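This structure is a prediction, so every number in the text was calculated from the model and none was measured.
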Amino acid sequence: MEEWNEVVVQKDVDKLLYICGRFHDTCIVSVNYKSGAFVDEKNAMHFGIHDDHELTIVLHGQWEPKGIELCFTGVRQFHLTGWRSNYTCEILEAHLSFYEGMWGGRQERLIVWSDVWDFNIEQLSGTAKELKNTYVIASALKWRAVNGDS
């Protein structure tokens with residue numbers, strides 16, 4: 001597998017979006033979430049720390065490289081949309097941006113990814129409206145090309 005590429009500045013976002021064609025004609029192959037929480041041998045609960053909350057998403061696209069793995073750490077919130085009647089699961093164009101603002105009562109700089117290009121994090125604040133798209137809000141993102149057979 002290739003080395004991880006950190007997404008730290010806008011230039012990194014632009015590079016990832018360019019390499020994968022803004023995720024056009026892409027699909028999510030797999031998702032794995034780790035909270036960092038566990039129960040030890042004495043049945044004591046441990047909750048982990050901020051960065052232990054990790055979400056990895058493997059995507060396949062009709063571009064080279066065929067497979068991309070996104071690894072989000074410090075996951076604040078995510079929503080996965082599964083199968084829906086009369087819809088395909090293809091991504092036509094993804095959203096990827098930094099968000100700087102209030103989150104959880106604190107000023108934060110976060111990374112936001114969604115399977116729709118016009119995702120707006122502000123839609124989430126103060127509403128019970130259910131969004132029908134997949135999104136991830138986290139502290140950090142890194143990515144790498146992976147084998148397209150994953």
Side-chain angles (χ1 to χ4, degrees), residues 1-10 12-40 45-101 103-104 108-125 127-150:
M1 280 196 216
E2 295 204 16
E3 295 290 319
W4 287 106
N5 300 279
E6 301 281 338
V7 177
V8 180
V9 294
Q10 186 61 43
D12 302 326
V13 168
D14 297 341
K15 178 181 177 181
L16 175 56
L17 290 173
Y18 175 78
I19 286 171
C20 64
R22 303 190 72 78
F23 295 94
H24 178 71
D25 285 343
T26 302
C27 59
I28 294 175
V29 175
S30 65
V31 177
N32 184 35
Y33 176 70
K34 298 177 194 175
S35 69
F38 67 96
V39 175
D40 68 18
M45 181 77 69
H46 298 270
F47 299 105
I49 60 171
H50 167 268
D51 286 340
D52 289 342
H53 293 264
E54 180 179 282
L55 181 74
T56 56
I57 302 174
V58 175
L59 302 112
H60 283 179
Q62 294 177 319
W63 30 258
E64 287 299 325
K66 181 179 174 182
I68 294 281
E69 181 177 16
L70 304 177
C71 179
F72 297 90
T73 55
V75 174
R76 298 302 204 292
Q77 186 172 331
F78 68 94
H79 179 262
L80 297 173
T81 301
W83 183 85
R84 294 189 297 161
S85 182
N86 300 319
Y87 287 91
T88 62
C89 64
E90 72 188 299
I91 298 170
L92 299 177
E93 184 176 347
H95 171 93
L96 181 63
S97 68
F98 291 104
Y99 169 77
E100 295 189 39
W103 187 265
E108 296 270 7
R109 181 177 190 265
L110 303 169
I111 188 85
V112 179
W113 181 88
S114 177
D115 65 352
V116 294
W117 68 272
D118 62 347
F119 181 81
N120 181 350
I121 193 171
E122 299 298 330
Q123 293 172 313
L124 301 176
S125 62
T127 180
K129 181 176 127 182
E130 180 182 338
L131 298 177
K132 292 183 170 66
N133 53 295
T134 295
Y135 63 86
V136 181
I137 302 167
S139 295
L141 169 63
K142 59 185 178 181
W143 67 274
R144 64 183 174 185
V146 294
N147 183 335
D149 299 331
S150 301

Student: Among Gln77, His79, His95, find the residue that satisfies the side-chain hydrogen bond (donor to acceptor under 3.5 Å, both in side chains) test when tested with Tyr135.
Tutor: Gln77
Student: Quick one: does Phe72's side chain get under 4.5 Å of Phe78's, heavy atoms only?
Tutor: no
Student: Hey, what do you get for CG (Leu59) to CH2 (Trp113), rounding to the nearest 0.5 Å?
Tutor: 5.5 Å
Student: Are the side chain of Asn5 and the backbone of Trp143 linked by a donor-acceptor contact shorter than 3.5 Å?
Tutor: yes
Student: Given side-chain contact (heavy atoms from CB on, under 4.5 Å), test Leu70 with Leu16 step by step and report yes or no.
Tutor: CA-CA 10 Å; Leu70 304 177; Leu16 175 56; 4.0 Å; yes
Student: Checking Val58 against Ile28 for the side-chain contact (heavy atoms from CB on, under 4.5 Å) test, could you report, in this order, the C-alpha distance in whole Å, the side-chain angles of both residues, the deciding distance, and whether it holds?
Tutor: CA-CA 6 Å; Val58 175; Ile28 294 175; over 6 Å; no
Student: Mind checking the CG-CD spacing from Asn32 to Glu69? Nearest 0.5 Å is all I need.
Tutor: 9.0 Å
Student: Hey, do the aromatic rings of Phe47 and Phe38 have their centres closer than 6.0 Å?
Tutor: no
Student: Should Glu93 and Arg22 count as an ion pair when the cut-off is N to O under 4.0 Å?
Tutor: yes
Student: Check for a donor-acceptor pair, side chain of Arg76 on one end and backbone N or O of Gly74 on the other, with a separation under 3.5 Å.
Tutor: yes
Student: Side chain of Asp115, backbone of Thr134: donor and acceptor closer than 3.5 Å?
Tutor: yes
Student: Ser114 vs Asn133, test: side chain to side chain donor-acceptor pair (under 3.5 Å). Steps then yes/no.
Tutor: CA-CA 7 Å; Ser114 177; Asn133 53 295; 2.9 Å; yes
Student: How long is the gap from OG on Ser139 to NE2 on His53, to the nearest 0.5 Å?
Tutor: 10.5 Å
Student: Report the distance from atom CD1 of Ile68 to atom CD1 of Ile19, rounding to the nearest 0.5 Å.
Tutor: 6.5 Å
Student: Could you check Glu2 against Arg144 for salt bridge (charged side-chain N to carboxylate O under 4.0 Å, His left out), going step by step and ending with a plain yes or no?
Tutor: CA-CA 6 Å; Glu2 295 204 16; Arg144 64 183 174 185; over 6 Å; no
Student: Atom CZ of Phe98 and atom CG of Leu110: how far apart are they, to the nearest 0.5 Å?
Tutor: 10.5 Å
Student: Can you tell me how far the CG atom of Asp12 sits from the CG atom of Leu141, to the nearest 0.5 Å?
Tutor: 9.5 Å
Student: Before giving the answer on side-chain contact (heavy atoms from CB on, under 4.5 Å), spell out for Ile137 and Val75 the whole-Å C-alpha distance, their side-chain angles and the decisive distance to 0.1 Å.
Tutor: CA-CA 6 Å; Ile137 302 167; Val75 174; over 6 Å; no
Student: Please check if the side chain of Trp63 supplies one atom and the backbone of Cys20 the other of a donor-acceptor pair under 3.5 Å.
Tutor: yes
Student: Tell me the closest heavy-atom pair linking Thr26 and Phe23, and the distance in Å.
Tutor: OG1-O, 2.8 Å
Student: Heavy-atom count check: over 12 atoms from other residues, nucleotides or ligands less than 6.0 Å from Trp117 CH2?
Tutor: no
Student: Could you go through Ile111 and Val7, starting from their C-alpha distance and side-chain angles, then the distance that decides it, and tell me whether this counts as side-chain contact (heavy atoms from CB on, under 4.5 Å)?
Tutor: CA-CA 9 Å; Ile111 188 85; Val7 177; 4.0 Å; yes
Student: What heavy-atom pair brings His60 and Gly67 nearest, and what distance separates the two atoms?
Tutor: CD2-CA, 4.0 Å
